[in-house]
Amino acid sequence: MSAAGASLLDVTRAYGLDFRFPASDTVVGANLRTFGEFSRVELDILLHLAPGTSGVMVDAGANIGSLALPFARARPDWKVLAYEAQRWICHILAANAVANDLLNVEPIHAALGPEESLTDFPMAGLESGVNFGGLGFGARSPSHERVRVTRLDDMSPDVRDAVKVVKMDLQGFEPEVLRGAGDLLTRIRPAWVAEADRNQQDVARRTLRIFFEAGYLVHWLFVPFATRKAVRNAGQATLTGDFNIIATPREGLIPPDIPPVEGPDAPFPTDISDLPYLRRYGF
């Protein structure tokens, strides 16, 4: 219990699932509670990239499972590896997976990076009024905790060879994680959905360059936190969200109304007319 006597956790229903989350969370939890969804556009793309009857999806930066869990529910024969570096958030992720009978989700308490190590990772108490999903390497935080860093390439070979989709939301650490994923990137060649923050364009350009140099086709994906098709309070949804990129190993894997990135130095889209797929979500 917090000092005020209120629970540190809240629970809400979204995507037909029950989600526990820090009651003070300002982004993921707040949107799940208000709208009954979070980053639905990204979830739809991840599912579109996973049409087969089985495979492995990697969620790098899984938070409480807002994408990993509905993906696992929609693809029950897939395995979902959900990496989360914040200890208490990973505990909540694991509780959410078990409470929803999603035993195909494997929560992993670890950060991802270019090599195996132990390092200090920013932490926030569950009572903190913060965006827990915004904590990553380099973030300002009053406290840190020692965590294990592992590489994507260090998954067991049988699991690594079955990876078909990777989602990365790592607060600007994406290029470093790709340095530890050379085999996955160049030999196995799954589809990737990776954050590309236009407020950290130097990092976004490095991520883009890695995918272009590896021969991927790259597309823009702006993801609103909530859509105007939300099950609750849809009229309150705005275009607040994150820029991402989709990197696919061959043509024909994504809908035609998602715009291509012409090169690593291409300008970010600046108008909703540049993102016609958002019309499907009421924008």
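All values derive from a computational prediction rather than experimental measurement. The chain is numbered in sequence order, starting from 1.
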What's the separation between atom [atom1] in [X] and atom [atom2] in [Y], rounded to the nearest 0.5 Å?
| X | Y | atom1 | atom2 | answer |
| --- | --- | --- | --- | --- |
| Ile108 | Met155 | CD1 | CE | 8.5 Å |
| Glu195 | Met168 | CD | CE | 10.0 Å |
| Ile89 | Leu135 | CD1 | CG | 8.5 Å |
| Tyr83 | Asp59 | OH | CG | 11.0 Å |
| Arg179 | Ile210 | CZ | CD1 | 9.0 Å |
| Tyr277 | Asp44 | OH | CG | 11.5 Å |

Verify, without hydrogens or angle tests, whether [X] (side chain) and [Y] (backbone) share a donor-acceptor contact under 3.5 angstrom.
| X | Y | answer |
| --- | --- | --- |
| Ser143 | Met123 | yes |
| Arg75 | Pro70 | no |
| His109 | Glu84 | no |
| Arg189 | Ala214 | yes |
| Arg232 | Leu32 | yes |
| His219 | Pro255 | no |
| Lys167 | Gly61 | yes |
| Glu116 | Asp154 | no |
| Tyr15 | Gly36 | no |

Mark yes when over 12 heavy atoms from residues, nucleotides or ligands other than Arg280 sit less than 6.0 Å from its CZ; otherwise mark no. yes
For Arg146, is the CZ atom crowded, meaning more than 12 foreign heavy atoms sit under 6.0 Å from it? yes
Distance-only donor-acceptor check, side chains [X] and [Y], under 3.5 Å:
| X | Y | value |
| --- | --- | --- |
| Thr227 | Glu37 | yes |
| Ser117 | Thr119 | no |
| Thr207 | Glu174 | no |
| Asn199 | Gln201 | no |

Check step by step if side chain to side chain contact (heavy atoms under 4.5 Å, CB included) holds for Leu43 and Phe71. CA-CA 7 Å; Leu43 173 63; Phe71 181 98; 4.2 Å; yes
What I'd like to find out is whether the side chain of [X] reaches to under 4.5 Å of the side chain of [Y], using heavy atoms alone.
| X | Y | result |
| --- | --- | --- |
| Leu93 | Asn63 | no |
| Trp220 | Ile258 | no |
| Ile246 | Leu49 | yes |
| Asn96 | Asp18 | no |
| Arg73 | Leu102 | yes |
| Val130 | Asp25 | no |
| Leu221 | Ile45 | yes |
| Val11 | Leu9 | no |

Lys NZ or Arg CZ of Arg40 over Tyr281 ring: under 6.0 Å, within 45°: no
May I ask you to decide whether [X] forms a salt bridge with [Y], counting only side-chain N to carboxylate O separations under 4.0 Å?
| X | Y | answer |
| --- | --- | --- |
| Asp265 | Arg209 | yes |
| Asp257 | Arg279 | no |
| Asp10 | Arg20 | no |
| Glu176 | Arg151 | no |
| Glu145 | Arg87 | yes |

Would Glu42 and Val193 count as a side chain to side chain contact (heavy atoms under 4.5 Å, CB included) if you check the C-alpha gap in whole Å, the side-chain angles of each, and the deciding distance to 0.1 Å? CA-CA 8 Å; Glu42 187 171 5; Val193 178; 3.6 Å; yes
Could you give me the CA-CA distance, side-chain angles and deciding distance for Val80 and Glu106, then say whether side chain to side chain contact (heavy atoms under 4.5 Å, CB included) is met? CA-CA 6 Å; Val80 179; Glu106 182 179 335; over 6 Å; no
Decide if the gap between the ring center of Trp88 and the ring center of Phe132 is smaller than 6.0 angstrom. no
May I ask you to decide if the ring planes of Trp192 and Tyr216 are parallel, tilted or perpendicular, using 30° and 60° as cut-offs? perpendicular
Run Phe211 and Ile245 through side chain to side chain contact (heavy atoms under 4.5 Å, CB included) and show every step you take. CA-CA 10 Å; Phe211 284 123; Ile245 53 174; 3.8 Å; yes
Would Asp202 and Gln200 count as a side chain to side chain donor-acceptor pair (under 3.5 Å) here? Give the steps. CA-CA 6 Å; Asp202 57 333; Gln200 299 183 65; over 6 Å; no
